[in-house]
Visitor: 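One structure is given below, represented as structure tokens, and several questions about it will come after.
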Amino acid sequence: MRVGRAARLRVGVGILALFAAGAALAEMQEIPPAHGAREMHGVAGLAVFGGLVAFAVIVALLYLYERARWTRREQDLVAALNLLRGAHDRAEMLLNTDRQVVITWDEQGEPVIEGDVGIALNGDRAATGSARRVLAFGTWLLPGDAQAVEAALETMLARGVGFSLDLRSQTGRSIDAQGRTVAGRALLRLRETSAERREIADLRITLDETRRGLSALASLLDAIPQPVWRRNRDGGLAWVNAAYVAAVEAGSREAVIDAAVELLDRPARETIAREETDTAAGSARRGVRVSAVVAGTRRVLDVYEAALDGGKVGIAMDVSELESVRADLQQQMNANARTLDQLPTAVAMFDVGQRLIFHNAAYRALWDLDQAFLDSRPSDGEILDHLRSQRKLEEHADFRTWKHGVLAAYRAAEANQAWWYLPDGRTLRVVADPNPQGGLTYLFEDVSDRLNAESRYNALRRLQAETLDTLAEPVAVFGADGRLQLANRAFTTIWRLDNEMVDARPHVDSVIARCKALAPAETPWLDIRDAVVGLEARAALARRIEMVDGTALDCATQPLPEGATLLTLIDVTASVNVERMLTERNEALEKAAELRDTFVHHVSYELRSPLTNIIGFTQLLGDETVGALNTRQREYADHIMRSSGSLLVMINDILDLASIDAGSLELQREDVDVRATVEAAVRGLEDRLAEARIVLSVDVPDDIGSVRADGKRIRQILFNLLSNAVGFSDPGQTVEITASRTARDLILSVRDYGCGMSPEVKEQVFNRFESHTRGTRHRGVGLGLSIVRSFVELHGGRVELDTEQGVGTCVTCVLPLNQPEQPRPTPGDDSKPLPRPHLSRVSIA
């Protein structure tokens, strides 16, 4: 701009010079020619010089003018720049007071971002392009908030419509977005408000809790039955509770406050004011007892008032009933004193200061004390010293220590008992009982006669007990009240009664309950109880008691004088066992032989023969040798055939068991191919597996080899185990059969994953005719596992059962390899039977 002005100045000066030169030339043209050429040249040179001088003067003046003007302009620009810098600094300071970002758009629509960019970039101010990334709202705002602010920003840039949004960043911070148009330009302000919102929320929570607390306090004060009030600084009523309104019989709280209805009259309020003055002077605060009319009735009140910053609060406690009770208590105490004065037990009461406040006539007579001395209210220690000086107390090596121990009862929380042995031979039972209000009450009871009687009784009792303890037979004596009086050592040993129980003299019911744990039979104990505590005619009784360990006792009761009963026991176990063993053995042998013969006869001839005919004729019908059958008839024939086959299997199982019991079943041992035997047993169940939709898993090594056993019985074992597993499995489940070989045994196991067995069922599952379907479709007479165990034991092996309810069952048969053939013991043989296998816990389906 300055260059342009200088150029214009030079052009103006040139124009002026040209005008001056032109004027000089014009003057030269006006000079007459007569003057000659010399004069003309002088005038021209003078005119040119004058023009040059004028040009220089004008240029100098213009230069000085422009220089002064531009100096002033430069000073104004510097001042304006300083003002702009101060405004910029203040704006930046105001912008940085909060964590905020201000975004404006220039004429080209490019954003200009200022402020704390870190609120959008998690404090990453140094990242390249971080300012630009602020406008990428989707990278640091929640998706919904990013879309909202971008839509509002587009609307503001297009139409100039401002907006205000509350946004949330992906890190959980709160952002306040303000969009405005200022001076034709768009402006977006992003400010973090998390701390402010937390402070506002905390303040609101505090205010709400305070408000609820005040409301709860007001409700609590309205609920209590005592009148409560609050006074302002001037002493007027500012608030009262519902009990106060009811006490002054006003209509509402507002009516009481507006009319300033006082519960207490002026003298009572003045008394309360004096009490407050005394309290302020240092005395202990206590309630002021006054009289007032409450709901039309004169009552006695304990009034408490406390000063606050804005006034006072007070409460009135109705103690009218307390005063009445106190008067009644005094009358009762006087009546009790008269009653205690008539008792033979010596009674003395001492207050907190250990001073005598009451004694009855028995106390004065016990110690032979002077009435005047007692009326002087002596202390407990003075009375003890007086009794010691009169030699009425027992001698102690350290009387002071003994006295201190007696007086320690004043500090005890519970009553304590002591025995005083007086020089004259009397024995006193002394009870020191603390009083609720402090102090002690002494009870002195002369128990000399009772102790002498107890001594003689205990000596006689010890003599009787020692006499009974020498007897080998158990003996007990019950009193007329049914309690155990005496029991010798043999009785307590056989019934396992501890000394504490015997010393407590238990009732016969307690003794019987303890004895029934060892002899649970109910009938003998009922008869014994009737003999001890029965109301009918008492007579001798004889019963036999059998204990759980096999001991047999002959029990006899004998009535004694004064309602007592003698109970004696004799151990007859040996004779009873011999008799019982012989009888049971004879009966068992006879019954076994009879049942076996009868059973085998009926099953062999009465059931098996007709069943064979039924199967034969059914096969003829099924082969249609006697004529064609329709579909329904063929189906019926198939059902008859299957049912007859099942019945034949059960009959064969029963006959096998009968033969085993009779000792007539012999094993046909041969070399049995284990794998072929397993496959044969599986083939017999293929139709049933397919019908039940059961998956069978067979795990038999190819090199398992053979075993010396009865192949038919091994197949029968596997068939029964697989039948049980299929019957207790649900459709779709798997039944596993595995075979393995060790150095000594062949192990066959069948596992299912059905319903399993409970511990109670597991204990009975190998018993004959024990069938537990447990809700499955399996049906049978309960001989499968019994036959399995019998055949396995015939081979010298064992059966192991592992079951768990809800998980499944695994039955494992362990057969010894190269087992020498041994004859099966027959009934009546003295050889020992094979031991039962131990049943381990496994899973069952």
Side-chain angles (χ1 to χ4, degrees), residues 275 278-279 281-289 300 302 304 317 319 321-423 426 428-446:
E275 177 65 23
D278 295 340
T279 302
S283 59
R285 178 177 295 275
R286 62 183 184 275
V288 181
R289 182 156 296 179
V300 179
D302 276 351
Y304 299 84
M317 311 289 293
V319 294
E321 295 182 359
L322 178 61
E323 286 296 321
S324 177
V325 170
R326 182 173 297 173
D328 294 342
L329 178 60
Q330 186 61 41
Q331 295 178 0
Q332 187 67 28
M333 289 177 63
N334 296 334
N336 291 339
R338 292 192 296 269
T339 302
L340 292 176
D341 205 32
Q342 305 298 322
L343 293 179
T345 301
V347 179
M349 296 182 183
F350 294 84
D351 60 10
V352 179
Q354 301 183 11
R355 292 284 178 179
L356 181 66
I357 58 175
F358 172 79
H359 67 280
N360 63 351
Y363 178 81
R364 185 173 62 253
L366 174 64
W367 301 113
D368 192 18
L369 296 175
D370 185 61
Q371 184 65 43
F373 173 72
L374 296 176
D375 292 341
S376 64
R377 297 187 61 190
S379 67
D380 196 356
E382 293 174 351
I383 294 177
L384 292 177
D385 291 337
H386 179 74
L387 294 177
R388 178 171 179 261
S389 64
Q390 298 292 325
R391 297 186 178 275
K392 295 180 180 179
L393 294 177
E394 59 180 320
E395 294 293 336
H396 296 279
D398 190 351
F399 179 78
R400 179 175 297 180
T401 302
W402 178 82
K403 175 183 173 182
H404 181 74
V406 173
L407 298 180
Y410 285 91
R411 299 184 298 272
E414 298 180 353
N416 61 74
Q417 178 178 287
W419 299 89
W420 291 7
Y421 302 97
L422 304 184
R426 291 181 299 173
L428 298 182
R429 174 177 170 268
V430 182
V431 178
D433 188 11
N435 297 328
Q437 299 81 13
L440 278 178
T441 298
Y442 283 105
L443 301 177
F444 299 90
E445 182 182 2
D446 188 352

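Position 1 is the first residue of the sequence; numbering continues from there. Here the structure is a predicted model, which is why all the values come from computation and not from measurement.
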Visitor: Tell me whether Glu321 at atom CD has more than 12 heavy atoms from other residues, nucleotides or ligands lying less than 6.0 Å away.
Guide: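 Check fails, neighbour count at 12 or below.
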Visitor: Restricting to side chain to side chain contact (heavy atoms under 4.5 Å, CB included), what partner residues turn up for Val325, sequence neighbours left out?
Guide: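 Applying side chain to side chain contact (heavy atoms under 4.5 Å, CB included) to Val325 gives none.
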Visitor: Could you pull out all residues at least two apart from Glu382 that satisfy salt bridge (Lys or Arg N to Asp or Glu O under 4.0 Å)?
Guide: Arg355
Visitor: Under 4.5 Å between any side-chain heavy atoms of Ser379 and Leu356, yes or no?
Guide: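 The answer is no, as the side chains (C-beta and beyond) never meet within the 4.5 Å cut-off.
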Visitor: Is there a side chain to side chain contact (heavy atoms under 4.5 Å, CB included) between Glu445 and Val430 once you walk through the steps?
Guide: CA-CA 7 Å; Glu445 182 182 2; Val430 182; over 6 Å; no
Visitor: May I ask you to decide if Leu440's main-chain N or O and Asp380's side chain share a donor-acceptor pair within less than 3.5 Å?
Guide: no
Visitor: Rounded to the nearest 0.5 Å, what's the gap from CG on Leu422 to CZ on Arg391? Could you check?
Guide: 14.5 Å
Visitor: Rounded to the nearest 0.5 Å, what separation is found between the CE atom of Met349 and the CZ atom of Phe358?
Guide: 5.5 Å
Visitor: Please determine if Arg388 forms a cation-pi arrangement with Phe399, meaning its NZ or CZ atom is less than 6.0 Å from the six-membered ring centre and no more than 45° off the ring axis.
Guide: yes
Visitor: So which atom in Trp419 and which in Glu394 form the shortest heavy-atom distance, rounded to 0.1 Å?
Guide: O-OE2, 4.3 Å
Visitor: As an exercise, state the distance from CZ of Arg429 to CD of Gln417, rounded to the nearest 0.5 Å.
Guide: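 Output value for this atom pair is 4.0 Å.
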Visitor: Checking side chain to side chain contact (heavy atoms under 4.5 Å, CB included) for the pair Asp351/Arg377: CA distance, chi angles, key distance, verdict?
Guide: CA-CA 10 Å; Asp351 60 10; Arg377 297 187 61 190; 2.9 Å; yes
Visitor: First locate atom CG of Asp370, then atom NE2 of His386, and finally report the distance between them rounded to the nearest 0.5 Å.
Guide: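 Asp370 CG to His386 NE2: 8.0 Å, rounded to 0.5 Å.
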Visitor: Do Gln332 and Asp328 meet the criterion of a side-chain donor-acceptor pair at a distance under 3.5 Å?
Guide: no
Visitor: Could you work out, with side chain to side chain contact (heavy atoms under 4.5 Å, CB included) as the rule, every residue matching Ala361, not counting sequence neighbours?
Guide: Asp341, Arg364
Visitor: Does the side chain of Thr441 come under 3.5 Å of the side chain of Asn435 through a donor N or O and an acceptor N or O?
Guide: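 Per modelled atom types, Thr441 and Asn435 side chains form a pair under 3.5 Å.
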Visitor: Quick check: closest heavy atoms across Met317 and Tyr304, and the distance to 0.1 Å?
Guide: CG-CE1, 4.0 Å
Visitor: Could you tell me which non-hydrogen atom of Pro434 sits nearest to which non-hydrogen atom of Ala409, and how far apart they are?
Guide: CG-O, 4.4 Å
Visitor: Go through the structure and list residues passing side chain to side chain contact (heavy atoms under 4.5 Å, CB included) with Leu387, not counting sequence neighbours.
Guide: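 For Leu387 the side chain to side chain contact (heavy atoms under 4.5 Å, CB included) partners, ignoring immediate neighbours, are Trp367, Leu369, Ile383, Lys392, Leu393.
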Visitor: Take Val347 and Tyr363 through the test side chain to side chain contact (heavy atoms under 4.5 Å, CB included) and record every step on the way to the result.
Guide: CA-CA 6 Å; Val347 179; Tyr363 178 81; 5.9 Å; no
Visitor: Of all heavy-atom pairs between Ala362 and Pro344, which one has the smallest distance, and what is that distance?
Guide: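 Where Ala362 meets Pro344 most closely, the heavy atoms are CB-O, 3.5 Å.
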Visitor: Can you confirm whether more than 12 heavy atoms, excluding those of His404, are under 6.0 Å from its NE2 atom?
Guide: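 12 or below, so no.
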Visitor: Would a 4.5 Å heavy-atom cut-off, applied to side chains only, mark Leu366 and Leu428 as touching?
Guide: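 Result yes, sub-4.5 Å side-chain heavy-atom pair found.
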Visitor: According to ring pair (Phe, Tyr, Trp, His ring centres under 6.0 Å), does anything in residues 325-357 pair up with another residue at least two apart or in another chain? List the pairs.
Guide: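 Those involving residues 325-357 are Phe350-Tyr442.
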Visitor: According to side chain to side chain contact (heavy atoms under 4.5 Å, CB included), who are the partners of Val319, at least two apart in sequence or on a separate chain?
Guide: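 Testing Val319 for side chain to side chain contact (heavy atoms under 4.5 Å, CB included), a comparison that skips the adjacent residues, returns Arg289, Val300, Asp302, Leu322.
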Visitor: Atom NZ in Lys403, atom CG in Leu407: separation rounded to 0.5 Å?
Guide: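 Output value for this atom pair is 6.5 Å.
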